[in-house]
Amino acid sequence: MRHPAKTHWRRLWPGRVIGLRAVFAAALLWILLHVVLFAGSGQIAPASSFKVLLLISAIGSIAGIADLKRNRESIFLQNLGVAPLVVPAIWVGVMMLLELITAVVIR
Amino acid sequence: MEPILQADSIGKTFRDRRVLTSACVSAAPGEVVGLLGRTGEGKSTLVRICAGQSRSDSGWVKYKGEICDPPRLSSMASGGVYYLPESGSLARSLTLQGHFDLLRERFRLGPVDELIDDFDLRGLLAASTAAMSTGERRRAEMALVFYRKPECLLADELFRDLDPITAERVGRVLGILAQNGCAVIVTGHEVRAMAPCLTSIVWLTSGTTYALGRPELAWKNEYFRREYLGPAE
């Protein structure tokens, strides 16, 4: 029998194909954002501030929702028992994580 | 038999347009309820509210005896609800095989091979769902529903744009699902195609619903004939 906590986490994961695509797309967007927004100022990875984290999470959630709508995944995910907001949450999570890792490494 | 899904006293207003005043619909295991009504009367709105895709202004939705406040499809789906919206339920990012795989993983379902042959989907397994025709998509959706074996199916405009053979096949699948204990609520205008699989009819008009009973009784209802079916039926 599966551990209840494991089952709970499985319910949050939208499956390998959708989940991994969201992870890679979010990472790619994070890299692009840094190239476009910050490279001009001579900093590839600026020291993370609250404002940067806020900006990253706003962009991540908008991109995640757009991705969900573009691929029309919402209804199928809900039929699987997965809340559709999990996909934007993955986008935000990945981008915030990369931002925090970069900040720690640079310091 | 006790209804598995029940929506009662549902009211909904879009800006200043009151679409539903006090609409009710319910389905018990083994029942195929046809929710019929003229265009713009709020059939899709009522089904969307039952499926947690839209909030009602008043009323309640009960699933398996418990009030869902608010109804959420992701929660109800874990308990056996499956929703087919008019716009389709397939994800563009997945192949048909991908859909079957995710359902199998999530609900620990059995092999799918026989089902794929029954629904004549072998050639579509690796295809992107975006490249499928309307009929193929509906066939694929019905195969997924059949594979999932839901306890309650909410299907909006299920028979729209289907050729007669596919419509007959979809109707047959609904019948089999009901025989296996699934409660079905289906909307649409394709009365001839829907009639053979329906066990009861609910007529939605002027924001409220009328339970007309079995199809043969509904056809005899003079008011329903005059206001919805028309003289040709």
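Quick caveat: nothing in here was measured; it's all calculated off a predicted structure. Residue numbering restarts at 1 for every chain, and letters A, B, ... go by the order of the sequence lines.
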Considering non-hydrogen atoms only, spot the tightest contact between [X] and [Y] and give its length.
X	Y	value
A:Gly15	B:Arg106	N-NH2, 4.1 Å
A:Gly81	B:Ser78	CA-OG, 3.7 Å
A:Ala83	B:Ser74	N-CB, 3.8 Å
B:Leu102	A:Pro14	CD2-O, 3.9 Å
A:Glu73	B:Ala91	CG-CB, 3.7 Å
A:Ile75	B:Pro85	CG2-CD, 3.8 Å

Does atom [atom1] of [X] have more than 12 heavy-atom neighbours, drawn from other residues, nucleotides or ligands, at distances under 6.0 Å?
X	atom1	answer
B:Arg72	CZ	no
B:Ile165	CD1	no
B:Arg55	CZ	no

Quick one: pull up [atom1] in [X] and [atom2] in [Y] and give me the separation to the nearest 0.5 Å.
X	Y	atom1	atom2	answer
B:Tyr82	A:Phe76	OH	CZ	5.5 Å
B:Leu94	A:Leu77	CG	CG	8.0 Å
A:Gln78	B:Met76	CD	CE	9.5 Å
B:Leu90	A:Asn71	CG	CG	12.5 Å

### Message
Report which part of A:Arg70 has an atom under 4.5 Å of a heavy atom belonging to chain B: side chain, backbone, both, or neither.
### Response
backbone

### Task
State, yes or no, whether a side-chain contact exists between B:Ser93 and A:Val17 at a heavy-atom distance under 4.5 Å.
no

### Query
Is a side-chain N or O of A:Asn79 found less than 3.5 angstrom from the main chain of B:Ala77, in a donor-acceptor match?
no

#### Entry: Toward chain A, the part of B:Thr129 with a non-hydrogen atom under 4.5 Å
neither

### Message
Quick check on B:Ser75 against chain A: is it the side chain, the backbone, both or neither that has a heavy atom closer than 4.5 Å?
### Response
neither

